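Everything on this sheet refers to the single structure shown next.
Proteins come first, then strands; the chains are lettered A, B, ... in the order of their sequence lines, and each starts at number 1. Keep in mind that this is a model prediction, so the values were computed, not measured. These numbers come from the heavy atoms of this one structure, side chains and all, not from hydrogens, waters or symmetry mates.
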Amino acid sequence: MSQITYREAISTALWEEMERDETILLVGEDIGLGGGAFYITKGFQERFGRGRVVDAPLSEAGFTGAAIGAALNGMRPVVEFQFADFVTESYKMIVDFAAGNHYRQMGPVPIVFRLPAAALTSAGPFHSQNPEPWFFGAPGLKIAAPATAYDAKGMMKTAIRDNNPVLFLEYKKLYNYPIDDLPEALRPDVPERDYTVSFGEARVLREGSDISLITFGTSVIDALEAAVILGAEGVEVEVIDMRTILPFDKKAILDSVEKTGKLLILHEARLRGGVAGEFASIVAEEAFESLDAPIRRLGGLDTPVPMSPPLEKAYLPGTEKVAAALRELAAY
Amino acid sequence: MSQITYREAISTALWEEMERDETILLVGEDIGLGGGAFYITKGFQERFGRGRVVDAPLSEAGFTGAAIGAALNGMRPVVEFQFADFVTESYKMIVDFAAGNHYRQMGPVPIVFRLPAAALTSAGPFHSQNPEPWFFGAPGLKIAAPATAYDAKGMMKTAIRDNNPVLFLEYKKLYNYPIDDLPEALRPDVPERDYTVSFGEARVLREGSDISLITFGTSVIDALEAAVILGAEGVEVEVIDMRTILPFDKKAILDSVEKTGKLLILHEARLRGGVAGEFASIVAEEAFESLDAPIRRLGGLDTPVPMSPPLEKAYLPGTEKVAAALRELAAY
Amino acid sequence: MSGTKAETSGSPVTREDLARLDYFEDLRDRYLSIESLDARWHPIDQADLTSDRDTCMRIHHLISLTRSVEETLDSAFRSGHVPGTAFFGRGNEAASVASAACLDDEEWLIPMHRNCGAHIAKGHPPVSIMAHFFGRAGGPSSGRDGNFHMGYRPRKITQLISHIGTMVPIAAGVAWAEKLRGQGRAALTYIGDGGTSAGDVHEGMNFATVQKLPLVIIIDNNQYAYKTLLKEQFACESLVLRAPGYGMPGYLVDGTNALLMHKICGEALERARAGEGPTLIESVTIRAVGHSVYDKYSDYVDMELLNRWNEERDPVKRLDAYLLAGGIATEDEIGESHVRARKEAEEAREEALKMPFPDPEKVEDDVYAP
Amino acid sequence: MSGTKAETSGSPVTREDLARLDYFEDLRDRYLSIESLDARWHPIDQADLTSDRDTCMRIHHLISLTRSVEETLDSAFRSGHVPGTAFFGRGNEAASVASAACLDDEEWLIPMHRNCGAHIAKGHPPVSIMAHFFGRAGGPSSGRDGNFHMGYRPRKITQLISHIGTMVPIAAGVAWAEKLRGQGRAALTYIGDGGTSAGDVHEGMNFATVQKLPLVIIIDNNQYAYKTLLKEQFACESLVLRAPGYGMPGYLVDGTNALLMHKICGEALERARAGEGPTLIESVTIRAVGHSVYDKYSDYVDMELLNRWNEERDPVKRLDAYLLAGGIATEDEIGESHVRARKEAEEAREEALKMPFPDPEKVEDDVYAP
Ligand SMILES: Cc1ncc(C[n+]2csc(CCOP(=O)(O)OP(=O)(O)O)c2C)c(N)n1
Ligand SMILES: Cc1ncc(C[n+]2csc(CCOP(=O)(O)OP(=O)(O)O)c2C)c(N)n1
Ligand SMILES: [Mg+2]
Ligand SMILES: [Mg+2]
């Protein structure tokens, strides 16, 4: 058992899996000699060779396609996008080719797309995006969104061993987040042994009976902070980390809403077209009678992610906005 | 005044606009000599020349980018995708470049992306998709989705004159739909004169007091048919055609729900990640107290669009499924 | 062979080889009298094309079968048995068959939307092809896809997606896996003249050459991309001129000449298997039919030129004539090969038409792999 | 001039020109002693580089200003004034400045992320550049974007998006509009050695050549794409070998030689304005700093080679020496040009730092154009 960073957790999972199974390949920009933009694969090429750890030319569609081709031919590639934003270059490869291949009876496509996602600090419109809305409607994909080092390691292993294409969201902000600064609920010990975390199982980070706060990714930090604030005000907020976005744990949402009767859904991505819309709709359809208040959603503003610090702060759904929304719900 | 097809309406609007404004350019595959896959631009190259009507190489990102560059430099290009499905090739060009340019203070990008969309008949997974979910979350875009020849002509003119990038969904199924087979509400006369249809204004196709049925695109036909069936059963369904998806007419939705208390949202696109989620969430948030029943949504199945006729039929949300959902709502 | 191994080997063109470059100057006007060029862009000596009877007859039968299968599909379409649309490769049967026939059973084929011949040469049974076009449960995608969106896993044939260009990177990836496995196997793919404009093709060719993958890429230059003419598609004199930009050898081949393609593609695959990396082959043919069964192609096709091609360069007729002239087969043997092909295609059609349509109850199955 | 107009003209390479192709064989090992080649890949005669004093001094000042602006930005970053990250073009100032300086005021520049020199040569005021990097309301995007995601409409400079490759098609479109307008104006863009692998670059170059657009494309080959080496990026001997694949002339230019770039790019723009279509210029330099201010580049950069480049090929030093040796300017005049540049950069920094940050109340404005 140990406390390691989110970045180390991902790196460790990749390393252990590559040791275990030689069909696992890595491809991406600058991942070989340089170890990748975030140093996740530092030292991998020396260990596993230039055949299995490929420094790709600057061509996301090309190397995504190559990874898919390798997957068709018996390999289990892990594709690193330097930033999640660039996954749009490979859209058709992922959605039309990889995701649909099994449905078309052409065999499984075991492949992991690593997507360093979401805002860091003033990274601007092209290095801050949350990619899940782009892929959420695509049948055949899975989307993992770990928020802790424990989940990151266990879910990476699950992703690699899964026989379907998995988008693996990695939160840049969490890579090197000082462990001691994390809320307690976000630093479960990370076993040194091999373990996996199942997809589709949400985790209750904090129990509460007044309001359900459904979230994932970077927003779990804001959610927990806001829940503490509301707790001090006498409102018990239940905070749930979805952990996987596809498949998602519908039951966890419905169960919690049944208990609390009030729902706030929170994510960093913009609301319009975001996955909160789906979660909210399901509740409006399947837990309608349990609802004691209008469903609330909170996300990024309806603008590109702006760069300058005051704008970026205004854009993001931070703790204060979460607390304000919770207060409104509590008062309803 | 005359009755023309949806295809003729689009063709006429393009022609008239090109006559009016010589900065309007067309670019796309096979649109010159060949007049395009659906013959929308037949004869245009002869009239307007090879400079303004460009038969592009098979390279969607390239010619979309070129169109954006031309728009930055004073032109108003209209880009034809041969099928809406291929717009994924140009994703970053549209979402990251064109949509954000004005926000970044780099000037307007007046450009229209023509997207022949949705199922025709056994066109299979790659020629049947509804692209609006891919773009719905992108700030800076507009999305038009005309369902009648009247709207198609008037909205194309609006799109061309708009200073923002507009995704213009054209429903292949409607291009040559026999006018006499269309429900009355879908064949308003098309004026020969110049006129425009404003974005963001829904249209009530049929009034009703029992259930609100919100829809757009090809689904308006199913909606109207189902409303007739339900009418015969004594249930008055209000059918609303959204007409534009971005901006969308929130007031029309809320007003109708306030009146009926029950809501079905219908579109051909798959539900998960579809725009119905957004509409439903808004109602659950802003018209919660008006709701007398759970919100219902209906859309395509959560699979790729299958080719073989029995599968495709099962996939699509046809009249029977709509009627069934309405009946359930009525009985609630 | 056009000469020594070195002459056609994988090293990129240099010096005097390239002095022949002006050959290409108005190549497009001269396709009808095309001269095939080797990796150093010397005319290929055709004296040594194979006259091995078994090889010749096998290729002959596969080409004839391809033509029959497509003709049968076309008539089935006209009878309403093909939902959606259909594309045909008439005109490129020789290039498709003779290239894919060079693959071993264990090697992968990554075909495009006109490579019916490649499917057939690689062993995709005509009945499976028909069932696919007919949308039947017994087709390789159980009716979930149609037309040439078709693969066949038992014979290591991938299915393409519609987005043209995507398959070159996919092919590179298939070859990457082969290289890692180290069993000396290569892969073969195709791309149209229109497809060469797609960015993915560039990315895929670049990936394949940088990684020195065992891959052969054939450009099916059939002079049309749907309704778009070559001059609207690229501005270079010939698409083989792209090869040096990736550091790979490029060949220009008369794609109506089956045995020539068999030789050139076979050599390229041998180099690939030996670890010498990819080869680009431009195969010049003509699309002898419309883009799809719905296409009114006389709108934009030079029909006179097309007729001349069909007269002078029909790949089936050319192979018939070659076998006869070379004394490799008699008129009877050739005729018999054709008859057998037509019968095989007809039987496949009948069998496929007996297959049931897929069960709509199962429409939601298999979205995820277990 | 290296010879007659014909010799450097727009027609694609042919015959004996290409016989020189083996020159490229191990070019990458020989970049330090690079020989610049014209469109027919003959060494460019450099005897006729301009010695017009005004031109020389203008370019000198712009190059020096570029260096000063970047150095000032770098120190501002270290002092915490630059939110996010910053990229610098140190090493390519000559190529950036001398190419963009060939544009007329009314012509468009489509720069990439290391073309600070091009911005400056095209008239983007240093204070605006600083304000942009500092995230201030007075910057050209009002703080909505930062780093080299920067354009400047008053001087017809586009802003790039991060997705590398996209700007070549955009540039083609800008040139398309110019062609339609028919006023004899051209456009200029850049792409990195890494960027050449992107499919968009292929699609953009193809579109530009098919449509014969007035566009000059400079490949900024600075030998690194972030941490990726050239041999992992492409397998051809030189990126100019891509030019014939599009039917456009390709030049190889020592990008540390300002006046040579000025001549070659100027001629290419003249051809473009005259309707002769695009030109591809590979400019070889070195990235003299890390990929970004955060990059630990000694991890993967050959520091010894880098030091030699900085000694022998620093573009600022080279121009100083050239002006001095040619008697075009005195040591004092050169020194004064540098001093003025540093002062201008310093003043810009001070002015920009006084500007306010954007108002968060306005964060939602301007998503749509009126
Ligand atoms: C990305 C993309 N854009 C457009 C199309 C529509 N389309 C299908 S086939 C075709 C022409 C292809 O031409 P070519 O590559 O020369 O192949 P050919 O059909 O001539 O064999 C086009 C434009 C497509 N399938 N994919
Ligand atoms: C599509 C895309 N993929 C990845 C990146 C991340 N990235 C930014 S710069 C860069 C290297 C670019 O190298 P090159 O084109 O040679 O330009 P240089 O930085 O050397 O000037 C990379 C990989 C990007 N911006 N866009
Ligand atoms: Mg073709
Ligand atoms: Mg570089």
Taking Ser122(B) for its side chain and Pro83(C) for its backbone only, find out whether a donor-acceptor pair lies under 3.5 Å.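 A pair under 3.5 Å: no.
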
Counting distance only, does the side-chain N/O of Glu364(C) pair as donor-acceptor with the main-chain N or O of Thr303(B) below 3.5 Å?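 Absent.
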
Minimum heavy-atom separation for [X] to [Y], with atom names?
{"X": "Asp200(C)", "Y": "Glu89(B)", "answer": "OD2-OE1, 4.5 Å"}
{"X": "Phe357(C)", "Y": "Ser308(B)", "answer": "CD2-OG, 3.5 Å"}
{"X": "Arg144(C)", "Y": "Leu311(B)", "answer": "CG-CD1, 3.9 Å"}

Engaged part of [X] at the chain C interface, taking heavy atoms whose separation is under 4.5 Å:
{"X": "Glu60(B)", "answer": "neither"}
{"X": "Phe63(B)", "answer": "neither"}
{"X": "Val54(B)", "answer": "neither"}

Please flag which part of [X] lies under 4.5 Å from any non-hydrogen atom of chain B: side chain, backbone, both or neither.
{"X": "Asp359(C)", "answer": "backbone"}
{"X": "Ser142(C)", "answer": "backbone"}
{"X": "His132(C)", "answer": "backbone"}
{"X": "Lys296(C)", "answer": "both"}

Residues, nucleotides or ligands: over 12 heavy atoms within 6.0 Å of Lys321(B) NZ: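 Enclosed.
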
Taking every heavy-atom pair that is under 4.5 Å apart, which of [options] has the most such pairs with chain C?
{"options": "Gly32(B), Ala61(B), Ala37(B)", "result": "Ala37(B)"}
{"options": "Pro125(B), Ala314(B), Pro306(B)", "result": "Pro125(B)"}
{"options": "Pro310(B), Gly124(B), Ser59(B)", "result": "Pro310(B)"}

Pairwise distance [atom1]([X]) to [atom2]([Y]) - rounded to 0.5 angstrom:
{"X": "Tyr300(C)", "Y": "Leu33(B)", "atom1": "OH", "atom2": "CG", "result": "9.0 Å"}
{"X": "Asp85(B)", "Y": "Ile161(C)", "atom1": "CG", "atom2": "CD1", "result": "10.5 Å"}
{"X": "Phe126(B)", "Y": "Asn147(C)", "atom1": "CZ", "atom2": "CG", "result": "11.5 Å"}
{"X": "Gln82(B)", "Y": "Ile164(C)", "atom1": "CD", "atom2": "CD1", "result": "8.5 Å"}
{"X": "Phe83(B)", "Y": "Ser162(C)", "atom1": "CZ", "atom2": "OG", "result": "8.0 Å"}

In plain terms, say whether Lys227(C) and Asp55(B) are close enough for a salt bridge, that is, a side-chain N and a carboxylate O under 4.0 Å apart.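 No, Lys227(C) and Asp55(B) are not salt-bridged.
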
Which class fits the ring pair His149(C) and His127(B): parallel under 30°, tilted 30 to 60°, perpendicular over 60°?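 Ring orientation, 0 to 90° scale: tilted.
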
Counting heavy-atom pairs under 4.5 Å to chain B, which of Gly84(C), Gly165(C), Ser292(C) comes out on top?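 If we count pairs closer than 4.5 Å to chain B, Gly84(C) comes out on top.
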
